[in-house]
**Q** 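Quick one: this structure, given as structure tokens, is what I'll be asking you about.
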Amino acid sequence: MSGNGNIDEGFYSRQLYVLGHEAMHRMGTASVLIAGMRGLGVEIAKNVILSGVKSVTVQDEGQTAWADLSSQFFLKESHLGQNRAACSLQQLSALNPHVQVSAHPGPLNEDLILKFQVVVLTDSSLDDQRRFGDLCHSRGIKFIVADTKGLCGQLFCDFGKEFEVLDQDGEMPVSVMIQHVSKDNPGVVVCTDDQKHGLTDGSKVVFSEVQGMTELNNIGPVEIKFLSSYSFSICDTSAFNEYKRGGVATEVKQSCLIHFKPLTEALQDQDLLKMNDFGKIARHKTLHLAFQALHSFVKKEQQLPRSWSQSDADSLLAIVRELNKVTQLENLDEAAVQTLSYTAQGDLAPMNAFIGGLAAQEVIKACSGKFTPLQQWLYFDALECLPEEEDRPAESSFSAKASRYDGQIAVFGSAFQEKLERQKYFLVGAGAIGCELLKNFALIGLGAGENGHITVTDMDFIERSNLNRQFLFRSQDIGKPKSEVAAKAVCEMNPRMKITAHQNRLDPDSEGVYDYNFFMGLNGVAAALDTVEARVYLDRRCVQHLKPLLEGGTLGTKGHTLAVVPHLTESYEDGKSSFSDAIPLCTLRNFPHRIEHTLQWARDQFEGLFKQTPENVNLFLRDSAFVERTLSHGDAEALEILGGVWNSLEGMAAGGQRPSSWEDCVNWARLKWETVYNNDIRQLLHCFPPDEVTSTGLPFWSGSKRCPHPLTFDPNNVTHMEYVVAAANLYGHIYGISGTRDLTAIRNILEQVHVPPFTPKSTVKIHVTDEEMEEDKERGSDDAEKARLEDLKVKLAASFPKSSTQLYPIDFEKDDDSNFHMDYIVAASNLRAENYDIPAADRHQVAGKKYTSWDDFLVEGRRGGQQEMTLEDLFQYIKEKYSLNVCTLFYGTAILYSGQEDRLKKSVSEVVKMVTKKDIPPHRKMLVLVPSFAEDEDCEYVPAIRYLLL
């Protein structure tokens, strides 16, 4: 958040896709206290500061010690003996210029606590947890306790007597296509069989586009009862008209109230333990007692149990047994208690990163009201990381050595530390996950010894939108290589790190660098990649060289990790799901019915036109075996690939598509628009007319099949021109031709473009299902296709010398707003959506790839200094830009429009003045207008229109 309350969308762009503007605004008012600045505290502080709360205060009375350097990444050896909070302040403040960060080196007290909306305790005593927990509960302050001891972690949340969760899961509202609705009491809704509805008892839905039983379109949210994965019952429909066809049921998100117990009460309630590993239920119930026992041990002995001391472990176990006389657990995991005692002095960076990430997420929930919070205890352990008892080193190897790794040596011993330092690792990717991995590598000393080394490669350069989640980068690093800046940053954390940064893409072209000798010299590989294709390629290289692979990824609030060990686990590619939710090809090509379908279609278009085809051309020009190899893939695929190569190399005058000028690029883009948004749709409707029926007599265009309509190109339509501008510039780029954004110049070129007439053909076959498509492939090509293939072989062999100019394939990059990539995806997808009457997606939905709630609609009321928009102009703009029809418009509690035709010709500000009977204050340059749309889909998530009066 900026100082004036506006959201810095460039900085928070990726987070906005997950949280949305309203949640971010709520976070921007929250002040957070984080007590304890050892490894866990700084991890939480880093994450919370990056998330964009109003202010963060870090508190710690303690002085920096050697053990702190095991996991506190903002402390250095030069800070030994100095206050941890004060030493961390500068680095924490630099993470986010929009968040006020301060340090409190004094004690924690009630006066300090009462200044904050959220309080997080780390490295705290149970007495403090009880005292401050009761205070926070009574004053409505959200209270979180986080703790790690060696390989065990604890998290507790108390958000007060009553806490409202505005959005329980943050997912897009479920939207399903309807196959049939019975006329009964209750009515039964049957959904199309291509997707489970995902609704549960008590869910509420609204209906739209229902034909016949149109009463459903006009009633409010209806509570449903689950019947099966494809059906549910609703209200009494016996008096409604007969159902004919079509319709969409869309979930209406509901808030809920959650009640929390204060920590003092929650300590005694085992039912509040949230189980995250059902193989460890007994262990985590035991850990709930063991952490309480640790506090008792420390209070008595004034220290944690000594590393791997049997006598201390016996003492701790005795306390746990005493506590269990009250709790009466049937299965007390005594081995886990002893292991906790052995390792409690450990301070491990990976454990702090994990528990710290969870705790920070709970802070975000507390501040935003989005996502369901933890209720109320969570325990996590990684005790399986320890060696078997017979392989355990002598007790002396765990003693402190005045080393930055003392917190780790206390758990694993000095021999293990030396082994870590000898490792040679290859990290691919230095983005969000890559930064976190490098930070952890530096803290644990991976590759930091005499013979150790880390190689990191990432071809990307730092952009402003990276700063919110890639914490090793600062604003002064924008434009620099990610790998170099990240490597330098972690060497600041641990000067012993030995790391080499590359800017290479990991693909077949870089195998000269990352060759056999390189891989065989490695101990392991870590992947921080953002595409499945890249992960699969790296996985294959690791399998080839028998190297372990650590892989992880995130999508919004979801994440996954995978450890691949030779001869022990499946590889990434072997274990990769077949992705049961994959969109059928026929749906993408001809029968989309959700915005996700048109977005994926647009991405496929981008990859095919601007990446795959140019790459195929370059392969053809440098590889004499390319044609024969392509023919081995089958006639259908060979026709598509070789046809694309010939078209890309043959000049336009000779019937190909190779441009020689910018005008040719615009010509190509305009004809491509005509092909995909007009001609292809007309051909589809020729094969399957709007009144087509199936062999069973049912309408062909029903259920999940939306009947499309062709578009007519209009140079004054914003989206039409956005497509042409983006497509022409991208096409020019692959041929080295410079383009322009000058709309006037492009319109002048368009006036000279000849669009040939199109007549649908009766010989064209369009597949309805993927199975049908596969059957045709198996049958092979007909004589005409074989003849075309032979002709292509002859043309390619005779026409193009291998010295022809190489093309410049384009790799999709969503973070650069100036490169036309996102412009193309948004325009291509929304035009396709318009073909099929699917509500459009805004740029945030597309860039995020995770299609969350609607974003704000920003409208300039006086575009280009012209006269202010009328209400009718505003509605037309929204329709053209977002394919939505406004049916009602609110300004605060005032209804600006609900069918009053006489208001349409008035300016928006005039209508506001007329309805509110008040002048708009001169300082108010933006009106927040809340619309509802004729399209009911996602209606509950439609955001406000931000109408600018500039």
Side-chain angles (χ1 to χ4, degrees), residues 171-181 189-199 205-212 216-217 229-231 243-251 579-605 676-677 680-681 683-685 687-694 698-711 766-773 825 828-841 845-846 849 851 854 882-885 933-939 941:
E171 299 290 338
M172 283 283 285
V174 171
S175 184
V176 292
M177 308 292 291
I178 297 170
Q179 185 71 48
H180 184 262
V181 184
V189 179
V190 178
C191 306
T192 56
D193 60 5
D194 67 326
Q195 181 188 13
K196 296 178 180 179
H197 58 66
L199 299 168
V205 298
V206 291
F207 292 91
S208 59
E209 302 180 32
V210 177
Q211 298 181 36
L216 287 176
N217 297 329
S229 296
Y230 299 95
S231 65
Y243 173 82
K244 289 184 179 178
R245 67 170 73 175
V248 176
T250 303
E251 179 189 20
F579 192 50
S580 59
D581 293 331
I583 305 168
L585 281 175
C586 286
T587 298
L588 289 177
R589 292 180 179 180
N590 299 306
F591 308 112
H593 55 87
R594 303 170 67 86
I595 194 65
E596 292 90 340
H597 302 160
T598 67
L599 285 165
Q600 186 59 53
W601 175 87
R603 279 299 310 271
D604 291 348
Q605 288 277 308
V676 293
Y677 301 116
D680 288 352
I681 301 299
Q683 181 64 61
L684 178 61
L685 291 173
C687 295
F688 304 107
D691 57 357
E692 179 86 355
V693 295
T694 65
L698 295 174
F700 178 83
W701 295 106
S702 64
S704 61
K705 290 187 175 67
R706 289 176 175 262
C707 186
H709 63 275
L711 306 183
I766 293 177
H767 299 107
V768 177
T769 65
D770 284 9
E771 291 77 13
E772 203 178 285
M773 188 188 306
I825 297 295
S829 171
N830 285 342
L831 288 168
R832 179 80 163 173
E834 187 180 348
N835 277 135
Y836 287 86
D837 296 315
I838 298 169
Q845 286 176 289
V846 178
K849 192 62 182 168
Y851 313 121
W854 297 90
Y882 303 106
S883 300
L884 294 169
N885 293 281
F933 297 117
E935 298 80 4
D936 281 342
E937 259 188 315
D938 299 327
C939 182
Y941 263 44

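Heavy atoms only: backbone and side chains are in, while hydrogens, waters and symmetry mates are out. Since the model is a prediction, treat every value here as computed from it, not as a measurement.
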**Q** Taking side chain to side chain contact (heavy atoms under 4.5 Å, CB included) as the test, write out the residues that go with P710, two or more places apart.
**A** N678, I681, R682, L685
**Q** Output the distance between atom CG (L216) and atom CD1 (I178), rounded to the nearest 0.5 Å.
**A**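 If we round to the nearest 0.5 Å, L216:CG and I178:CD1 are 7.0 Å apart.
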**Q** Give, for atom CG of L599 and atom CD1 of I825, the distance between the pair rounded to the nearest 0.5 Å.
**A** 8.0 Å
**Q** CZ of R594 to CE of M177: how many Å apart, nearest 0.5 Å?
**A**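 Between R594 CZ and M177 CE, I get 9.0 Å after rounding to 0.5 Å.
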**Q** Side chains of V676 and W601, heavy atoms from C-beta outward: is any pair under 4.5 Å?
**A**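 Contact flag for V676/W601 side chains = yes.
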**Q** Minimum heavy-atom separation for L199 and E251, please, with both atom names.
**A**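 So the two residues come closest at CD2-CB, 4.0 Å.
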**Q** For H197 versus V176, what's the shortest heavy-atom pair and its separation?
**A**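 What the structure gives for the nearest pair is CA-CG1, 3.5 Å.
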**Q** Would you mind reporting whether D837 and H709 have side-chain heavy atoms less than 4.5 Å apart?
**A**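 Yes. Closest side-chain heavy atoms under 4.5 Å.
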**Q** Quick check: do F688 and C707 have side-chain heavy atoms less than 4.5 Å from each other?
**A** no
**Q** Work out which heavy atom in K244 is nearest to a heavy atom in G212; give both atom names and the distance.
**A** CG-CA, 3.7 Å
**Q** Minimum heavy-atom separation for A828 to A602, with atom names?
**A**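 Between these two residues, the closest heavy atoms are CB-CB, 3.9 Å.
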**Q** How long is the gap from OG1 on T192 to OH on Y230, to the nearest 0.5 Å?
**A**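 T192 atom OG1 to Y230 atom OH measures 9.0 Å (nearest 0.5 Å).
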**Q** When rounded to the nearest 0.5 angstrom, what is the spacing between CD in E692 and NZ in K705?
**A**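 Going from the CD atom of E692 to the NZ atom of K705 covers 11.0 Å.
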**Q** Who passes side-chain hydrogen bond (donor to acceptor under 3.5 Å, both in side chains) against S231, sequence neighbours left out?
**A** S228
**Q** Donor-acceptor check, side chain of R589 to backbone of I766, threshold 3.5 angstrom: yes or no?
**A** no
**Q** Test of understanding: with ring pair (Phe, Tyr, Trp, His ring centres under 6.0 Å), list the residues that count as partners of Y836, not counting sequence neighbours.
**A**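 Once residues adjacent in sequence are excluded, Y836 has no partner under the ring pair (Phe, Tyr, Trp, His ring centres under 6.0 Å) criterion.
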**Q** Atom CZ in R706, atom CH2 in W701: separation rounded to 0.5 Å?
**A**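 Atom-to-atom, R706:CZ and W701:CH2 are 11.5 Å apart.
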**Q** Classify the side-chain pair Q600/D604 by whether it contains a donor and acceptor separated by less than 3.5 Å.
**A**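 Note: Q600 and D604 side chains meet the donor-acceptor criterion.
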**Q** Where is the tightest heavy-atom contact between T598 and I838, given as atom of each residue plus distance?
**A** CG2-CD1, 4.0 Å
